[in-house]
J.: 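Structure below; questions to follow.
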Amino acid sequence: MTARADNWLPLSSGERAVAIEVLVHGPLSRTELARRLDLSAGSLTRLTKPLIESGLLVEVPEAGVSAEARQGRPSQPLDVVAESRAFIGFKITGDMVYGVVTTLRSEIVARHDRPLTTQEPAEVADLLGEMTAELTRDHPGIAGVGIGVGGLVRDRSVVAESPFLGWRDVGLAELVAERTGLPVVVENDLASLVEAETWFGAGRGLDRFVVLTIGAGLGYGLVLGGRRVPCAEEDRGFGRHWILRPDGPLTPDGQRGSAVSLLTIPSIRYQIRAATGRDHTYEEILALAAEGEPMSARVVDEAACALGTLVAQISNFVMPQKILLAGEGVGLMDVAGERVRETIRANRHPLAAPVALETKVSDFHDWARGAAVLAIQVLVLGLAQA
């Protein structure tokens, strides 16, 4: 089992709500904090006093206000000391482990990657233990470890199924905790990314938010009421059965004309290879399409139409305030972004509100950062871990 989490206990529910609001949205004035939490000035003073005395919250200078102007203004904004604790996040792929160290606000302060030469669970745990020891030497005071894995994760500790690693029912959190002595939490990597964007990224402060990732596969994460909606299908084939064009391409992964067949990097490369006999990287295909090479241009245009259709359908049903398009495949937007936007408009009601679409090219360190946010949540929420 893991070591006991170094968390923010004991805090009352009110104190915890104040601390989390400042962590995610701070620095905040007391007036703004009271408004956000619907608290009276007296109640806020009662809740913040022990947090300040313990050093959890600190008063900081008001941005843009000189020292002279602050005289007679005792109510300074409240903030957390982001560097007070550090967290490790790991993203495991089939052949690499990507590691990061973050602050309490999930800013990446260090990166450390190692090749994965075996997929034997105990040896993977050994590698994670070694990487943790190396990172801890330069960043003492690590408060927890988060691990993101492609596949189905149960109870934030057991990898129930991971096709990429060939794992079933692997108690990864316990294995790594035994080697590190730290609290360890494991989650599906897409869920980790969604949590990070909800707390500290594009979805911060939004009630309805969607993350759509394009890369080796497709990923979909939904946030309602400011909370991620857990889904048993996470990273287990999203888009393989979402038919966007019944007469579309048939590829080894995904049904004919499905979102996977039209949009994922392996499928796009497969289509070009099947048509031309030549193997190109995804970046080469995008470049050729931009230059007007006919086959690449056709495949990229079909992918852009598929993406626009998918975004429009998600918007029609979920009505999100924002959709974040992330992953290593979003370079599609650089080449065919206007085609995507045209297709979105064509598949939406003329009076529908425009879709707020944000793009973010994500590398595996972003996914590792998402895993570190899981460890942050264990600390501040007191969530269960192995």
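Everything numeric here is computed off the predicted structure, so don't read it as measured data.
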J.: Taking all heavy atoms of R204 and all of V24, pick out the closest pair and write down the distance.
T.: NH1-O, 2.9 Å
J.: Is there a donor-acceptor pair closer than 3.5 Å between any side-chain N or O of S267 and the backbone N or O of V260?
T.: yes
J.: Using 0.5 Å steps for rounding, measure from the CZ atom of R208 to the CD atom of Q321.
T.: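 Rounded to the nearest 0.5 Å, the CZ-CD separation comes to 4.5 Å.
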J.: Take I142 and V101 through the side chain to side chain contact (heavy atoms under 4.5 Å, CB included) test and state the conclusion after the steps.
T.: CA-CA 9 Å; I142 298 293; V101 177; 4.3 Å; yes
J.: For the CG atom on D279, are there more than 12 heavy atoms of other groups (residues, nucleotides or ligands in this structure) within a distance under 6.0 Å?
T.: yes
J.: Under 3.5 Å, is there a donor-acceptor pair between the side chain of E293 and the main chain of S296?
T.: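 A pair under 3.5 Å: yes.
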J.: Any chance you could measure I20, atom CD1, to Q377, atom CD, to the nearest 0.5 Å?
T.: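 It is 9.0 Å, given to the nearest 0.5 Å.
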J.: Could you go step by step and tell me if L44 and V18 meet the side chain to side chain contact (heavy atoms under 4.5 Å, CB included) rule?
T.: CA-CA 8 Å; L44 183 65; V18 169; 4.2 Å; yes
J.: About how many Å separate CZ of R348 and OG1 of T343, when rounded to the nearest 0.5 Å?
T.: 13.5 Å
J.: Only one of L23, V373, I376 passes side chain to side chain contact (heavy atoms under 4.5 Å, CB included) with R105; say which it is.
T.: L23
J.: Could you see if L104 belongs to whatever hydrophobic cluster contains L57? Use Ile, Leu, Val, Met, Phe, Trp, Tyr and a side-chain cutoff under 4.5 Å.
T.: yes
J.: Has the side chain of T31 got a donor or acceptor atom that lies under 3.5 Å from a matching backbone atom of S29?
T.: no
J.: Hydrophobic clusters join Ile, Leu, Val, Met, Phe, Trp and Tyr when side-chain heavy atoms are under 4.5 Å apart, directly or via other members; which others share one with I108?
T.: V100
J.: I need the minimum non-hydrogen distance between L381 and W199, along with the two atoms involved.
T.: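 Residues L381 and W199, closest heavy atoms: CD1-CZ2, 3.8 Å.
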J.: Okay, side chain of S192, backbone of N188: is any donor-acceptor separation there less than 3.5 Å?
T.: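 A pair under 3.5 Å: yes.
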J.: Kindly say whether A306 contributes a backbone atom to a donor-acceptor pair with the side chain of R245 at under 3.5 angstrom?
T.: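 Not confirmed, R245 side chain does not pair with A306 backbone.
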J.: Under the ring pair (Phe, Tyr, Trp, His ring centres under 6.0 Å) definition, can you give me all pairs with a residue in residues 250-284, not counting sequence neighbours?
T.: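 Sorted result for residues 250-284: empty, none.
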J.: Are V340 and V318 co-members of a hydrophobic cluster defined by side-chain heavy atoms under 4.5 Å apart?
T.: yes
J.: Just by distance, do the side chain of R369 and the backbone of S106 share a donor-acceptor pair under 3.5 Å?
T.: yes
J.: Sequence neighbours excluded, which residues qualify as salt bridge (charged side-chain N to carboxylate O under 4.0 Å, His left out) partners of D363?
T.: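 Per chain and number, D363 pairs via salt bridge (charged side-chain N to carboxylate O under 4.0 Å, His left out) with no residue.
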J.: Would a distance-only check, ignoring hydrogens and angles, find a side-chain to backbone donor-acceptor pair under 3.5 Å from E197 to A202?
T.: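 Confirmed, E197 side chain pairs with A202 backbone.
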J.: My understanding is that only residues two or more places apart in sequence, or in another chain, count here; which of them pass salt bridge (charged side-chain N to carboxylate O under 4.0 Å, His left out) with R46?
T.: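 Expected list: none.
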J.: So does Q255 get a backbone contact from the side chain of S261, meaning a donor-acceptor N/O pair under 3.5 Å?
T.: yes
J.: Is any side-chain N of the basic residue among E284 and R269 closer than 4.0 Å to the acidic one's carboxylate O?
T.: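 Salt bridge between E284 and R269, a charged N being under 4.0 Å from a carboxylate O: no.
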J.: Is a side-chain donor or acceptor of E15 paired with a backbone partner of S12 at a separation under 3.5 angstrom?
T.: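 Present.
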J.: Please determine whether residues I265 and V361 belong to a single hydrophobic cluster, defined as Ile, Leu, Val, Met, Phe, Trp and Tyr linked transitively by side-chain heavy-atom distances below 4.5 Å.
T.: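 Hydrophobic grouping puts I265 with V361.
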J.: With I147, which of V124, L374, V176 fulfils side chain to side chain contact (heavy atoms under 4.5 Å, CB included)?
T.: V176
J.: What's the separation between atom CD1 in I268 and atom CG in L286, rounded to the nearest 0.5 Å?
T.: 7.0 Å
J.: Are R240 and S258 close enough that a side-chain donor and a side-chain acceptor fall under 3.5 Å?
T.: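 Side-chain D/A pair, R240 to S258: absent.
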J.: Using a strict 4.0 Å threshold on nitrogen-to-oxygen distance, state whether D169 and R154 make a salt bridge.
T.: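 Looking at R154 together with D169, the answer is yes, because their closest N to O distance falls below 4.0 Å.
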J.: Quick one, L172 with V184, criterion side chain to side chain contact (heavy atoms under 4.5 Å, CB included). Give me CA distance, side-chain angles, the key distance, then yes/no.
T.: CA-CA 9 Å; L172 185 60; V184 178; over 6 Å; no
J.: Mind listing the closest non-hydrogen atom pair of R256 and G248 along with its distance?
T.: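 For R256 versus G248, the nearest heavy atoms are CG-O, 2.9 Å.
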J.: Would you compute the distance between atom CG of L222 and atom CD1 of I314 and round it to the nearest 0.5 angstrom?
T.: 9.5 Å
J.: Please round to the nearest 0.5 Å and tell me the distance separating atom CZ of R114 and atom CE of M96.
T.: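 Reported to 0.5 Å precision, the distance equals 10.0 Å.
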J.: Quick check on the hydrophobic clustering: are W167 and V158 connected, directly or via other members, by side-chain heavy-atom contacts under 4.5 Å?
T.: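 Result: no, two separate clusters.
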J.: I'd like to check the side-chain hydrogen bond (donor to acceptor under 3.5 Å, both in side chains) partners of R168; sequence neighbours left out, ordered by chain and number.
T.: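 By the side-chain hydrogen bond (donor to acceptor under 3.5 Å, both in side chains) rule, R168 matches no residue at all.
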J.: For G26 versus D79, what's the shortest heavy-atom pair and its separation?
T.: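 Minimum heavy-atom separation between G26 and D79: C-OD1, 4.1 Å.
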J.: Enumerate, atom names and distances included, each donor-acceptor pair closer than 3.5 Å involving a side-chain atom of residues 331-339, sequence neighbours excluded.
T.:
residue : atom : partner : partner atom : Å
E338    : OE2  : R345    : NH2          : 3.1
R339    : NE   : D301    : OD1          : 2.8
R339    : NH2  : D301    : OD2          : 3.4

J.: If you look at every heavy atom in T93 and F364, which pair is closest and at what distance?
T.: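 Nearest pair, atom of T93 first, then F364: CG2-CE2, 3.9 Å.
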J.: Are any side-chain N or O atoms of D253 and backbone N or O atoms of G217, one a donor and one an acceptor, separated by less than 3.5 Å?
T.: no
J.: Checking I92 against L116 for the side chain to side chain contact (heavy atoms under 4.5 Å, CB included) test, could you report, in this order, the C-alpha distance in whole Å, the side-chain angles of both residues, the deciding distance, and whether it holds?
T.: CA-CA 8 Å; I92 304 176; L116 190 65; 4.1 Å; yes
J.: If you look at every heavy atom in Q119 and F164, which pair is closest and at what distance?
T.: NE2-O, 3.4 Å
